[in-house]
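Worth saying up front: this structure is predicted, and the values here are computed from it rather than measured.
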Amino acid sequence: MEYSLVCYSFYAFWSSPVKKKLILLGIMFLIWVYMLYSCVGYCSTMPSLVVDSYRGKETGSAVAKRTDSSRMDLVSRLLAKPQPWEDVESDYEESSIRTAASRDLLNNELETDRADEWDEMRGEQQRALEPSAMSSFSNGSGSKKLPQAIIIGVKKGGTRALLEFLRVHPDIRAVGAEPHFFDRNYENGLEWYRELMPKTLEGQITMEKTPSYFVTREAPARISAMSRDTKLIVVVRDPVTRAISDYTQTLSKKPDIPSFESLTFKNRTTGLIDTSWSAIQIGIYAKHLDNWLQYFQMDQILFVSGERLISDPAGELGRVQDFLGLKRIITDKHFYFNQTKGFPCLKKAEGSSKPHCLGKTKGRTHPNIDPEVVQRLRDFYRPFNMKFYQMTGHNFGWD
């Protein structure tokens with residue numbers, strides 16, 4: 001009798017239209033809360049959005065004060081002089097006083113770098129608007145960790161392409177925008193740095209890329225202080241082509257800068273190379289590597305060929321996956337070659353079902369450079385390249 005009474009009560013409750021709607025609304029609410037939680041986890045990986053939401057809590061003079069101070073900090077970092085370095089050959093000594101034109105060019109290059117970084121960040125945010133269900137689920141859980149692997153260089157070598165390719169791997173999580181922690185923002189502390197990182201699950205690797213680390217004198221010691229076990233990746237490219245690409249990037253934003261030829265030489269008549277120009281200085285890889293080997297073993301550093309990253313992306317990505325101790329998941333099936341841009345693109349990018357190529361800031365057409373200047377640069381870089389081949393045990397075929 002009691003059993004039948006319970007069944008009748010349950011049937012009466014469920015048959016009520018109002019109560020049935022309430023139950024369905026409750027289920028929908030729980031699903032909505034779960035989706036919101038996942039979305040919050042994904043958005044937390046975007047540094048600029050975090051900053052915007054924080055500023056939204058401030059009003060009036062507080063916002064103005066923070067904006068002014070932030071601008072002053074940014075300007076002071078952008079105008080800061082690069083660290084001095086010693087030349088490998090005494091024939092190419094850096095002048096002790098930088099000319100006004102050189103200072104203006106340096107500022108232009110830094111402003112151009114910043115503009116390209118913002119372009120990349122906007123691309124990251126647009127792609128973040130359409131995350132896959134799986135990525136939303138994983139982003140809502142886990143914890144933020146300091147990076148176990150960092151792409152430290154080099155500028156205009158192919159670092160953005162490498163990072164985008166690596167993010168296809170399910171066991172790699174990387175922050176999109178360049179943090180510049182170990183060169184510009186070190187005073188903010190490791191907790192600030194950690195907060196920029198995406199959440200990772202057990203077994204996943206946290207990564208970031210900032211190409212200027214490779215040429216920053218303090219960066220090796222600072223990264224070593226964070227963790228001596230950090231794995232470092234350097235994308236290198238023919239230093240002559242890299243220098244022209246560097247100049248092309250600056251020229252695209254500042255078309256009134258001096259010609260490549262005039263910036264390359266201290267004295268065109270004598271053919272003396274101006275190594276104070278950062279576009280030239282960055283390509284002396286052996287000099288910069290020597291600084292890193294004071295703090296890291298060679299087996300902690302992987303050198304990726306920027307040329308092979310274009311001609312055989314799957315092969316280079318295989319080496320990177322092996323270096324990181326990951327299963328080779330990224331293969332030929334992930335790429336197609338874009339004839340217009342002249343480099344490989346992803347058939348499906350991270351968090352998207354659509355093909356993805358790098359933005360308009362990548363693959364710019366280089367200006368025509370006097371072949372005599374190109375040959376003079378090749379002669380200049382040759383001994384440095386030979387030393388770099390010897391240090392790394394790999395001939396990159398630039399000579």
Side-chain angles (χ1 to χ4, degrees), residues 45-48 110 112-125 127-128 144-169 171-186 192-198 200 204-216 218-220 222-223 226-227 230-237 242 245-246 249 282 285 288-289 292 296 300-306 309-310 313 316-317 319-321 323-324 326 330 343-344 346 349-351 356-359 361-362:
T45 67
M46 302 299 297
S48 60
L110 290 171
T112 302
D113 290 348
R114 181 66 69 178
D116 280 355
E117 287 168 21
W118 278 109
D119 287 341
E120 291 173 358
M121 187 180 293
R122 281 195 293 270
E124 291 291 327
Q125 291 176 354
R127 287 171 54 201
K144 295 185 177 184
K145 302 180 181 68
L146 292 170
Q148 297 103 311
I150 304 176
I151 301 174
I152 60 172
V154 297
K155 179 185 176 185
K156 308 310 297 179
T159 57
R160 170 56 56 181
L162 177 61
L163 185 70
E164 291 298 301
F165 296 162
L166 284 174
R167 293 174 75 179
V168 174
H169 200 293
D171 290 333
I172 292 178
R173 298 297 317 287
V175 60
E178 296 174 2
H180 283 281
F181 175 66
F182 295 104
D183 57 352
R184 301 179 191 169
N185 299 304
Y186 194 64
W192 177 88
Y193 185 46
R194 189 197 307 271
E195 282 303 307
L196 298 182
M197 299 300 125
T200 53
Q204 289 183 320
I205 293 176
T206 303
M207 290 189 67
E208 71 115 317
K209 77 105 178 171
T210 304
S212 53
Y213 290 163
F214 188 64
V215 297
T216 300
E218 298 86 0
R222 290 172 174 177
I223 295 178
M226 177 187 72
S227 173
T230 306
K231 293 186 176 182
L232 309 173
I233 300 174
V234 189
V235 187
V236 289
R237 182 184 184 186
R242 197 221 65 81
S245 180
D246 200 335
Q249 175 180 323
I282 291 172
Y285 303 139
H288 305 302
L289 177 57
W292 286 88
F296 292 93
Q300 290 180 261
I301 309 174
L302 178 69
F303 296 93
V304 175
S305 167
L309 197 58
I310 295 175
E316 286 301 280
L317 265 293
R319 294 180 58 239
V320 177
Q321 291 171 94
F323 175 70
L324 295 175
L326 299 175
I330 307 172
F343 49 72
L346 289 168
E350 180 209 27
H356 174 64
C357 277
L358 299 181
T361 63
K362 308 300 179 184

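Here the side chain of R173 pairs no donor or acceptor atom with the backbone of M207 at under 3.5 angstrom. A donor-acceptor pair under 3.5 Å is formed between the side chain of N185 and the backbone N or O of P179. Of the possible donor and acceptor atoms, none in the side chain of Q300 sits under 3.5 Å from a partner among the backbone N and O of F296. A donor-acceptor pair under 3.5 Å is formed between the side chain of K231 and the backbone N or O of F323. Side-chain N or O atoms of Q148 include none that pairs as donor or acceptor with a backbone N or O of I205 at under 3.5 Å.
What you find for V154 and T159 is that their closest heavy atoms are O-CG2, 3.5 Å. Annotation for R319 and L302: closest pair NH2-CD1, 3.3 Å, computed over non-hydrogen atoms. Between S305 and E316 the shortest heavy-atom distance is N-OE1, 3.0 Å. What you find for V175 and P198 is that their closest heavy atoms are N-CD, 3.8 Å. Annotation for I223 and L232: closest pair CG2-CD2, 4.3 Å, computed over non-hydrogen atoms. Contact detail for E178 and K209: the closest heavy-atom pair is OE2-NZ, 2.6 Å.
Contact annotation: the side chain of M197 never approaches that of K145 to less than 4.5 Å [non-hydrogen atoms, C-beta and beyond]. You'll find the side chain of P147 stays beyond 4.5 Å of the side chain of T230, heavy atoms only. Counting only heavy atoms from C-beta outward, the side chains of D246 and I282 approach each other to under 4.5 Å. Inter-residue side-chain proximity for I150 and I233 is flagged as unmet; no heavy-atom pair is nearer than 4.5 Å.
Here L146 pairs with L190, Y193, R194, M226 under the side-chain contact (heavy atoms from CB on, under 4.5 Å) rule; sequence neighbours left out. In this view, F165 and F335 satisfy the ring-ring contact (aromatic ring centres under 6.0 Å, His included) rule, not counting sequence neighbours. Annotation: ring-ring contact (aromatic ring centres under 6.0 Å, His included) contacts of Y213 (sequence neighbours excluded): F182. For S212, the side chain to side chain donor-acceptor pair (under 3.5 Å) partners two or more places apart in sequence, or in a different chain, are H180, D183. R222 pairs by the side chain to side chain donor-acceptor pair (under 3.5 Å) definition with nothing, not counting sequence neighbours. Applying the side-chain contact (heavy atoms from CB on, under 4.5 Å) criterion to P220, with sequence neighbours excluded, gives N291, W292, Y295.
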Carefully, step by step, assess S245 and K155 under the rule side chain to side chain contact (heavy atoms under 4.5 Å, CB included).
CA-CA 9 Å; S245 180; K155 179 185 176 185; over 6 Å; no

Worked check of side chain to side chain contact (heavy atoms under 4.5 Å, CB included) between L317 and L309:
CA-CA 8 Å; L317 265 293; L309 197 58; 3.8 Å; yes

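Rounding to the nearest 0.5 Å places CD1 of I172 at 4.5 Å from CG of L166.
Side chains of E208 and T210: a donor-acceptor N/O pair is present below 3.5 angstrom, by distance only.
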